Structures are given as structure tokens and as C-alpha cells.
Amino acid sequence: MAASAKSFLADAGYGEQELDANSALMELDKGLRSGKLGEQCEAVVRFPRLFQKYPFPILINSAFLKLADVFRVGNNFLRLCVLKVTQQSEKHLEKILNVDEFVKRVFSVIHSNDPVARAITLRMLGSMASIIPERKNAHHSIRQSLDSHDNVEVEAAIFAAANFSAQSKDFAAGICNKISEMIQGLATPVDLKLKLIPILQHMHHDASLASSSRQLLQQLVTSYPSTKMVIVTLHTFTLLAASSLVDIPKQIQLLLQYLKNDPRKAVKRLAIQDLKLLANKTPHTWSRENIQALCESALHTPYDSLKLGMLSVLSTLSGTIAIKQYFSSAPGTAATTARSLDLVKLAQECCYHNNRGIAAHGVRILTNISASCQEKDLLPLEQDAVFGLEALLVLCSQDDSPGAQATLKITLTCMVKLVKCRPHLSQSVVESLLTQLHSAQDAARILMCHCLAAIAMQLPVLADGMLGDLMDLYKLIGRSATDKKQELLVSLATVIFVSSQKALSSEIKTVIKQQLENASNGWTAYRIARQASRMGNHDMARELYQSLLTQVASEHFYFWLNSLKEFSHAEQCLTGLQEDNYSSALSCIAEALKSYHKGIASLTAASTPLNPLSFQCGFVKLRIDLLQAFSQLICTCNSLKTSPPPAIATTIAMTSGNDLQRCGRISNQMKHSMEEFRNLATRYGDLYQSSFDADSTTLKNVELQQQSCLLISHAIEALILDPESANFQEYSSNGTAHVESEYERRMMSVFNHVLEEVESLNRKYAPVSYLHTACLCNAVIALLKVPLSFQRYFFQKLQSTSIKLALSPSPRNPAEPIAVQNNQQLALKVEGVVQHGSKPGLFRKIQSVCLNVSSVLQSKSGQDYKIPIDNMTNEMEQRVEPHNDYFSTQFLLNFVILGTHNITVESSVIDSNGIVWKTGPKTTIFVKSLEDPYSQQVRLQQQQGQPPSQQQQQRTAYSRF
């Protein structure tokens, strides 16, 4: 609870006085004008926070101009503070509108007699290189300062040269020869050469520049064989190749050559580090020969530290396309077999190495080979991988040092991957995990529980017999209240919930509750209850939420827990459903709806302006409507018994030509029911589209709810409304699709079963018979018998993304309209900022923002004229790509009709896969379209009945101007 409260207060900006943008800027400006140096510095360093809070150009431009003034007239310490602020706020630099004025104020200091002031100015210019890449005066100053006799100034010039080279092709081409002369010149000290060489990594703007830089670096490597020079030159060489892309294979060969032939360990280490960089960036450029050479070096090196590095590169490559290239050689060649054996031999040797890290990389390579080369018969390799993993598990689970824990994480990740691609190994892996759980350290137990839960989610391998072991361990945890014990309670409870796929037995509930009473705090109990809700164990969850109600300090938390308790109780009511017992099904659904209505009232009370719980409310409202629709469908099916078709129904059907009228009123009710389910499916689709920050499992859950609505509407159509045109091919489920969770597995099996039943009944009997209604009711009961899973996003938001829009022109008062003449167009500028939480882009990233502008006439003023329909409304859409989380665009809008128009600007987000998400926000402004003075004058003259000739003269006089 404490963690939630803490984040809640942090989001609210608790304890900090809220000011609008202008007031905040004026407050800081007051500090800048102060006579005291301390107050001036304090004001300067508070600017990044201001930019973060109000990230729009109008404020950022004013603020940077003020900082430029301070830089121009202040002392060196103040200049240094301004430099740091500029470097911290690099992504806001492009929002400066008066770039010339800003640069002019900063650049004036370059002519100072103080070399330190010049050095700070050079660093300032270097930090601004992204907005002034082609400023010739800045280029000239950097060139001049490289020849300075002051070391501080020369280092600043090198920093600026590196930044400008990265941004400007002209500057890079111009400075390349100068840098080359300085590096090769005898007068340049070695330490300065070491600082100059890294500039060459930015010479990748065209092929000739990159080629000349490579030649220079090649000369340097041979001319200056000292360790420091070789290390810096080789690393620059690698970065240049990685940016220019064309020379990567050559670079890999060069690094492998140094790794094999150079006796110095420092150079070997650098070669391994750079090979790792290239393995991550471009694994497809590694040939079979490259991997073979690396294997040979690893087999022959006597040093463990170097072997660890080489294996790290190989384990990175083994998880990519490179491993398939390595094994996909021409069959039957002896050399190939030896090569293939080398990597396997190395991995097998290292699996049982006394160095944990080497052993971890060895088993990782074996696991990746087993996973990626599934078409080959690799049974011995699989066994080696399992034995290696078990050995590492025994070794690391007894040790609670950070190194052992890191190795254990790699081991457990490999176990999950191996079981996923080779399911027949799951039993032995799970047994070894359960055996080791009893003797392991607490930190290791937590990780092992996570691994067990991950395996059990994919495959139902945890049999009931294993529950006993888990329960014994749960009792043994003891009465300690340390953080590790609390974490272990949650992890073990999760494994128990996953493994007991059916309802929890009363014995298990008692053990869990006793342990929670003995050893836990409220936060642990809440986390366990949350896991129970995710796994569909609603009975357990309800009891835990009930026990926590009196332990929270905030009213909002109380209502939140109360709503969760009611939802759990509602879902618990649905577990008593039985097939063919429709009256009890109706009473169960009614009981569940009662609890859901109580819960939604509590949930609404738990929401705050900062945390509106919009997804939770939307999800629960849809669940309520879905239950009501199910209840209505069962009632409709029952109405065939309570209100059978009248005797004249056949005559009515024949006269109306609608054969369904034979069934009486049930046909219309079924039609309404089908439309309701389709409408619910659309609403679930809207909820899905608005959940940009949700994890994939939550989205899958929403999709399953949508599919259940579509399934029922399809069943109604296929059985009753239109049996002839029913098509089952598009609804048949894909059996090969990977299922992520037990909930999804059970829902998919219900979908398949219902479709089979509907297909078997389709066209056999004329609608509507009791068999049809029984089939529909049983489909509803089968869907409701699967316990609903409340997924992570219902409780926790791991990714947070929001968009803030600013429109100009904007009225001072939101209710006040903007005046526009009807013969002119309004240029509406839309600016926006993308704001992220602590983990930006965790599940998906924003590729572009789609802005939709529409206008609606609210009230007319003046006479009605016949106006083309095109001029009546404005409907426009534009896509913009945010840069540094900022975007802006403009729309031209027509307001020909006099009156008040309502303009709505709505933003939606397109992710990197091209999927559109309706994230909002929606902003509205009002525009008042006024008649232009000339038209008004003409109209008034016509009303007064003046002769048309005079009017014509006025028109020509007007048009002349």
C-alpha cells in the first residue's frame, strides 16, 4: 500500500506549488536578475524542470533567450551552469524559434580574451550542433581553436568538432584533413592524438569520406603500435564501420586477427568488446569462417576472462540468424562436420566449467542451438543442455551473491526457452526445479518460482501430485517478515494458483491464509489476492480483499479494494453454473450482476482526476452489459416455451414472405439479441484500441471477450436467423496458434466446442426448435463457466504514454469564440508533446501521430444562403512523426456559413507496426464566422433599395484594390 501511496503523491506533485507557465518563467527570471550569484545559479539550474513541465516552443524560446543573455554577460561559473542546462535539455533545442538571436548572444563570447570563456562557448556551440549544423562562423571558430596553445580550449574544440562532424557532412569533409594532419604531426602530443582519433568515427556521411578515414586509421594502427593507440584506433575503426555498414565484414576479420595474434590482453579484451558490439548490431554479416575462428580462439586461450568474453559473443550470435548460417552448410563435407562440432565441442566443454559465467554461456549456446535448429536430430545436445542447466541450477541456488543470481537468471531463462521449443523435456526440468526449491536460498527460490510459473503457464505440467511439495514449502517459510520472505510468499502463491487449474481446495486456502496472518504485511496479501484474480481463483481473492478493507489509510484505496471484492464475489457466483439448468443460470447471473453494480459504484468512487481508472471502468461496464445480454438471450430462448408461436403464425409468414415469422415473437427477439452482441463486440474493439499502454496479455484478454460476443452473434445467425448462408470456415480456429495462458487455452477450447455444436445442428432442423435454443443456452453457460481473468493492466500500468495538445490561435477564455471573417480561411496550428512514464516504449512505441480536425455548425446567424455542401463542414486528417517527443502541423479551415462553429481536434497514435490506437486527447475550440464588411455593406444597400448602378460602381472600386 505504501508504494501505491508514494506514487500517487508523486504524480500529484505533492508539496509543490502549482504555477502556470508564465508565472513560473517570471519567477525564474526574477532569480536571474538577482544581484546574488547563488540565486542566479539556482534559477539557472531550475530551467530543465520548467522545460519538462511546459514543453511548448513559446515558453522554451523565451527561456533559452534569457539563458543566452545570462551566458553573454555572466561570469564563467554561470556560463558553465547554462552549458549544463543546455546539455540536459538537448531534445528541447529544436523548439527555439529565434535561433539566430540565440546563437548571436552565445557566439559573442567567442571573442573574449579569456580562454576558459572561449572553451565554454565552444562546448556550448557543440551542444547546439543539432540546430546549427551548417553555421560557417561556428565551423571557423572550431578550426581556429584547434590551433590554440591553451589545452582547455583545444579539448573544447575537439568536443565541438566531434558534435559538428556527426551533424554536418560539409564540416566533416572540411575538418577531416585538418584532423589527419594533427594526428600525424610530430608536434601534437600523444594524449591529444588519443582525443582526436575518435572524431573519425563520424566520417560516415559518404563512401569516399569513410574510405579515406579507414585508410588513415589503418596507417595509425600499424604506425603507432602502443597499447593505448591501438585500443583507441581499433574502437574508432569499429564505430566507423558500424555507422557506414559497408566495411563490417572486413572489420570483423581485423578484430579476429588482433584477437588471435596480438599478445596483449588489453587489446584482446577491446577486440572482444567490439566483436560483441558488431554481433548485436549486424549478426547477419558474420560468416561461418568468422564464427569458426572465434571458436578456435576460445578453445585455445588459457585465460578464463578472455574465454568468458569470446563465449559471450558466441552466445549472442547463437540467438540470431548467424547460428542457422553456421549449421546450414552443404551436407556431407568433412570440413563442415568438424566446424559444426567445434562450436558444440566448445559449448559442451564449458557447460561444467568452474567459472559460473563461462558455464552459463555454454548452456545458453546449447539451448539456442536446440531451439533454432529444430529440424535437425539434436537429441544428445538437448540432453547436454538439460544436464548443464541442472548442474548450474544446483550450483547457483545455494549462493546468494549478485554474480550467482545473475547466472541463475540466465539459467532459468534458458530453461523456459528450452521447454517452450522442446515440450518433451518439461517433466525433467520441472522435477529438478521442485527438488532444488527446498534447499535453495530465498533469493534463488523467488527466481525459481517465477520460472516454474512461466513454464506452467505455457504447458500444464504441474500435476496435482506436485502441489504437495509446494504446500510443504509454503508451511516451512517461517515467521520471518524480511522482504525476501514476503516476495517468496507471493511467488510461491502464484505457482500454486497456476498449478491448481481447477478451484482451490479448502486445505490450500487455509494454509495460504494462515501463513499470511503469521508472516505477512498488507501489501503482500494484496499482491497474492491480485495474482488470484489474474489466475481466476476469485473465491480466494474475495476473502483476501475482504481482510484488507480495514487496513488502508485512504478512502480511495478503500473503495478500490471494495470494488475488487465485489467483482471477485460476482465472478464466484458464476462458478455454480450447470449445463441444461437454465433457471439456476439466470439466478446466478442476476446475483453476479448485483455484485457488479455495487462494485462499479465503488470503482467510480475510487477514481481521482489524476488516476481516472478509465480502462477499469470501461472493462467492468462491458462485463456488466455482456452478462445482461447473456441473461436476455437465455430468457429469449425460454420464451419459446412460455410464448410459443400463435396458430396463425404460418399464414403470417406466407403472406409476409418472411419464413422466420413462423416462429412468432422469438425471431424478432433473436434479431435484437444478435445486434446487441455485435454492438458489444464493437465496444470491446474500442476498448482495445484505446489501451495503447496495456501489456499483450491484457489485450489478448479483451480480444477473447470480443470474440465470445462475435461467437454468440454468429451462433444466433447460423442457427436461427440465416442458416443457409452461414459460413464456418472463417470462424474455425487456428490450431497452431501459440496459446499464452490457461485462461486463453480454456476459452479457445470452449469456442471450438460451441462452433462444432452449432455446425452439427446447422440446417438439420428447421428453426426454431428446442435443440437450437438449448445449444445457445449451453454456449452461454460454457463461456461463463471459464473464470474471468483480471489481467495486469487492470491493476498495474507499467507503460504510461499521453499526448498534450496546444492549439493556436486560442481564446483567452475557453468559452469565448475566435472571430473569423467568412471570406477568409483560419490557419489552425496544432502543436503536441508526447509524455512518457518511467519505462517509455516498454510494450509499443509511437511511430506517428494522426490528427483529425472536424468542424460542426452550432448556431446560424443571418440569412440562409444556398451554399455548396463542400463548404458546410471541415474534415481533415494529417499524420505527423514526433521528433524528440514534439510535433506540429497546420490546417486551413473554411467558415463560409455565418454563425458559431465548434472545431474538434482529436489525436490518435500509430505504433511501429502501423496499428492505430485511439489514445486521445480531444480538444475543442469555438469559432464565430462574421460577415466581411464589404458584403455587409452591399446587403444593407440592397435592403435600403438603392439603385444598382451605384452599387456596381462601388464593387468595381473595391475590386480595383
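What you see is a predicted model, and the numbers here were worked out from it, not measured in a lab.
A salt bridge links D69 with R72: the closest approach of a Lys/Arg side-chain nitrogen to an acidic carboxylate oxygen falls below 4.0 angstrom. Salt-bridge formation is detected for the pair R356/D399: a Lys NZ or Arg NE/NH1/NH2 atom is positioned less than 4.0 Å from an Asp or Glu carboxylate oxygen.
The aromatic rings of F107 and H111 sit perpendicular, their planes meeting at an angle over 60°, well past the 30° parallel limit.
Side-chain contact, N177 with S180: no donor N or O sits under 3.5 Å from an acceptor N or O. Checking D206 against S208 by side-chain atom types alone, a donor-acceptor pair falls below 3.5 Å. Defined by atom type and a distance below 3.5 Å, a donor-acceptor pair is present between the side-chain atoms of T238 and Q251. Judged by distance alone, the side chains of K268 and Y303 never bring a donor and an acceptor atom under 3.5 Å apart.
At most 12 heavy atoms of other shown residues, nucleotides or ligands fall within 6.0 angstrom of atom CD1 in I58. With a 6.0 Å radius and a threshold of 12 heavy atoms from other residues, nucleotides or ligands, K178 has its NZ atom above the threshold. The neighbour count for K417 NZ, taken as heavy atoms of other residues, nucleotides or ligands under 6.0 Å away, is above 12.
In this structure, D342 CG and E296 CD are separated by 6.0 Å, a value rounded to the nearest 0.5 Å. The CD atom of Q167 lies 12.5 Å from the CE atom of M128; values are rounded to the nearest 0.5 Å. Note that the OG atom of S130 and the CG atom of N163 stand 9.0 Å from one another [nearest 0.5 Å]. The line from CG of L294 to CD1 of I252 is 10.0 Å long, rounded to the nearest 0.5 Å. Remark: K345 NZ to L299 CG distance equals 5.5 Å, nearest 0.5 Å. With rounding to the nearest 0.5 Å, the separation of CD1 in I96 from CD in E94 is 10.0 Å.
At least one side-chain heavy atom of I291 sits under 4.5 Å from a side-chain heavy atom of C295. R214 places none of its side-chain heavy atoms less than 4.5 Å from the side chain of S244. Between I175 and L146, the closest side-chain pair of non-hydrogen atoms falls below 4.5 Å. At a threshold of 4.5 Å between non-hydrogen side-chain atoms, the residues D274 and L278 do not count as touching. You'll find the side chain of S888 stays beyond 4.5 Å of the side chain of V880, heavy atoms only. H235 has its side chain within reach of Q273: a pair of non-hydrogen atoms, C-beta onward, lies under 4.5 Å apart. Q253 has its side chain out of reach of Q257: every pair of non-hydrogen atoms, C-beta onward, lies at least 4.5 Å apart. Put simply, the side chain of L277 reaches to within 4.5 Å of the side chain of L239, judged on heavy atoms.
A donor-acceptor contact shorter than 3.5 Å is absent between the side chain of Q799 and the backbone of P840.
In plain terms, the two heavy atoms of A266 and T227 that are nearest each other are CB-CG2, 4.0 Å. Between I365 and A347 the shortest heavy-atom distance is CG2-CB, 4.0 Å. Here the closest heavy-atom approach between residue T121 and residue A117 is recorded as OG1-O, 2.7 Å. Across all non-hydrogen atoms, the minimal contact from H205 to A172 is CD2-CB, 3.6 Å. Residue C396 comes nearest to A404 through the heavy atom pair CB-O, 3.7 Å, listed as atom of the first residue, atom of the second, then distance. V221 approaches V230 most closely through the heavy-atom pair O-CG2, 4.4 Å.
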Please assess L83 against S127 for the test side chain to side chain contact (heavy atoms under 4.5 Å, CB included), listing each intermediate value before the final yes or no. CA-CA 8 Å; L83 170 64; S127 303; 3.7 Å; yes
Going through the distances and angles, do I199 and M182 end up as a side chain to side chain contact (heavy atoms under 4.5 Å, CB included)? CA-CA 12 Å; I199 296 177; M182 287 180 75; over 6 Å; no
The test is side chain to side chain contact (heavy atoms under 4.5 Å, CB included); show your working for L346 and L311 and say whether it passes. CA-CA 9 Å; L346 174 66; L311 277 165; 3.9 Å; yes
Chi angles and distances behind the side chain to side chain contact (heavy atoms under 4.5 Å, CB included) call for R49, Q88: CA-CA 10 Å; R49 171 83 180 121; Q88 272 182 41; over 6 Å; no
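A side-chain hydrogen bond (donor to acceptor under 3.5 Å, both in side chains) with Y886 is found for one member of K95, E831, H92 and no other, namely E831.
Aromatic rings of F51 and F64 (six-membered ring for Trp) have centroids within the 6.0 Å cut-off, being under it.
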